[in-house]
Number of protein chains: 2
Amino acid sequence: MTENTAKRNVISKPRARFIRETADVRRQALIEATARCLAEKGVAGTSVRAICARAGVSSGLLTHYFEGVDALILATYEDVGARVSAALEQAVEEAGDDPRDQLRACLQANFRAPILDPDLLATWTAFWSLVRTDPHIAAIHAEVYGGTRAQLETLLRTIVPEMPQDRARLAAISLTALVDGLWLEICLDPTTFSAEEAQAMVERAMMLALGQWRGEWVDQSDKP
Amino acid sequence: MTENTAKRNVISKPRARFIRETADVRRQALIEATARCLAEKGVAGTSVRAICARAGVSSGLLTHYFEGVDALILATYEDVGARVSAALEQAVEEAGDDPRDQLRACLQANFRAPILDPDLLATWTAFWSLVRTDPHIAAIHAEVYGGTRAQLETLLRTIVPEMPQDRARLAAISLTALVDGLWLEICLDPTTFSAEEAQAMVERAMMLALGQWRGEWVDQSDKP
DNA sequence: GTTGATGAGAGCCATGGGCTTGTCAGATCC
DNA sequence: GGATCTGACAAGCCCATGGCTCTCATCAAC
């Protein structure tokens, strides 16, 4: 009825239509919007309004589903971390039964989609910059990295059972660091080296860590 | 004279005393204040007011000496980068004449003061998060990292002249990545491994890259 | 003392985060 | 299948903070 609008003394535009979604859908939408904001505009550009505009909801909704923007960023970190872990796990499963293949797959998957993604790095650096100031982020970081290293360590000792515990620990740390460093640099500046070169480098490092590197840097060497 | 204050209709507190400084001193003070802010409170906490409060000057001075806060952050990146480069260079000089010692010193210096510093990491992550959005930061990043890699490459080929060009290039990239990854992780979470272990890891990686690794991971091996 | 640049500090406008208020979608009940 | 009720949701307000500008005080050199 026209009376309905006439009741208001000011002609205001009708409220935007919306569809009710379940809490999970909304939360996920907000998390994905946060990741996209972090990737595109960095931490500084990740505001409540920017996130909600991306998610296609009003800004009041963020507080409705999360404690605040900090809690949302935390949830985003957990989500992105879980997604990366899942991608690595999937790579391991697809590698077959040979633990050596599994290790190689686990390392090299970092240089393929969906992990090799500059947007993901932007999200990650945002989190790194929060680790020092936010204990919650620090706890999740320790958990994620600890898990990755533990997995590597297990694989290493499966492949070479006689490898000493401490040696396996340091090898896992080294491999993780190498992967991180390469991943960081290739995402920051993809012109320096290619993903294939990165995969070759981690494979070489892996074989060296296993003590099973047969070739030398002069592959077509005429030396005996 | 008392007349001087009486002239004003409102009793206002006297303007703070200050000393004139040269442009260089002021710029440097602002740059150092910016680095401290980045380290302590992250990018989000690095505002004009926070920086100027740290530097002990009023907020108007920032615009007086820099185009804006972005330009100041850029200058801070250049400054911090130059300081790190200088520390590495000094380590090389103090290492003597043997290029192998120089290489080792250059790599291991990353895990000693002043480079091994969580505050420095906080500054660095702030910059990483800006590389993707700010072309100026990206240019400086490419310059700094390119320079480091070129230096490593030169040292590698000095030590082992017969090493192929491409092999040296990849070795330099790998060593840089390993150092970066270890440095990142030890600054984020110092409980995972020690600085001495980091130094041992980079030394091992260096020797492996040179093809001069004699020992095996079972040092007290009973194998022939 | 004069002068010119350095510097303090208030103020302006834009944006941020959180909160409140009111509304509408969709489940529930009869 | 309509009335009712619940709570998800939009819109906008409030205050704090951000970057930056403008005005004028102050210092130091001549």
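Chain naming here is simple, since letters A, B, ... match the order of the sequence lines and numbering starts at 1 in each.
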- Message: The test is salt bridge (Lys or Arg N to Asp or Glu O under 4.0 Å); show your working for A:Asp119 and A:Arg36 and say whether it passes.
- Response: CA-CA 8 Å; A:Asp119 286 352; A:Arg36 282 207 305 268; over 6 Å; no
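- Between A:Val80 and the choices A:Val144, A:Thr34, A:Leu120, the side chain to side chain contact (heavy atoms under 4.5 Å, CB included) rule is met once, by A:Leu120.
- Across the interface with DNA chain D, nearest-nucleotide mapping of A:Arg49 and A:Glu21 shows A:Glu21 to be the residue nearer the 5′ end.
- Remark: A:His64 NE2 to A:Leu62 CG distance equals 11.5 Å, nearest 0.5 Å.
- Residues from residues 57-77 of chain A placing a heavy atom under 4.0 Å of any atom in DNA chain D, listed by number, are A:Val57, A:Ser58, A:Ser59, A:Gly60, A:Leu61, A:His64, A:Tyr65.
- In this structure, A:Arg27 atom CZ and D:dA8 atom C1' are separated by 12 Å, rounded to whole Å.
- In this structure, A:Arg26 reaches the D:dC9 phosphate: one of its side-chain N or O atoms is under 4.0 Å from OP1 or OP2.
- The listed nucleotides are D:dA10, C:dG26, D:dT26; the one nearest the side chain of A:Phe18 is D:dA10.
- One finds a side-chain N or O of B:Ser47 lying less than 4.0 angstrom from the OP1 or OP2 phosphate oxygen of D:dG18.
- Of the possible donor and acceptor atoms, none in the side chain of B:Gln102 sits under 3.5 Å from a partner among the backbone N and O of B:Glu93.
- Atom CD1 in A:Ile19 sits roughly 10 Å away from atom P in D:dA10 (whole-Å rounding).
- Remark: the B:Gln199 side chain and the B:Arg104 side chain contain no N/O donor-acceptor pair separated by less than 3.5 Å.
- Here B:Arg20 does not reach the OP1 or OP2 of D:dT26: none of its side-chain N or O atoms lies under 4.0 Å away.
- The stretch residues 30-46 of chain A comes close to DNA chain C through A:Thr46, each having a heavy atom under 4.0 Å from the strand.
- Within 6.0 Å of the CD atom in A:Glu67, the count of heavy atoms belonging to other residues, nucleotides or ligands does not exceed 12.
- For the atom pair B:Leu130 CG and B:Leu74 CG, the distance stands at 9.5 Å (nearest 0.5 Å).
- Note that OG1 of B:Thr176 and CG of B:Leu107 are 8.0 Å apart. Values are rounded to the nearest 0.5 Å.
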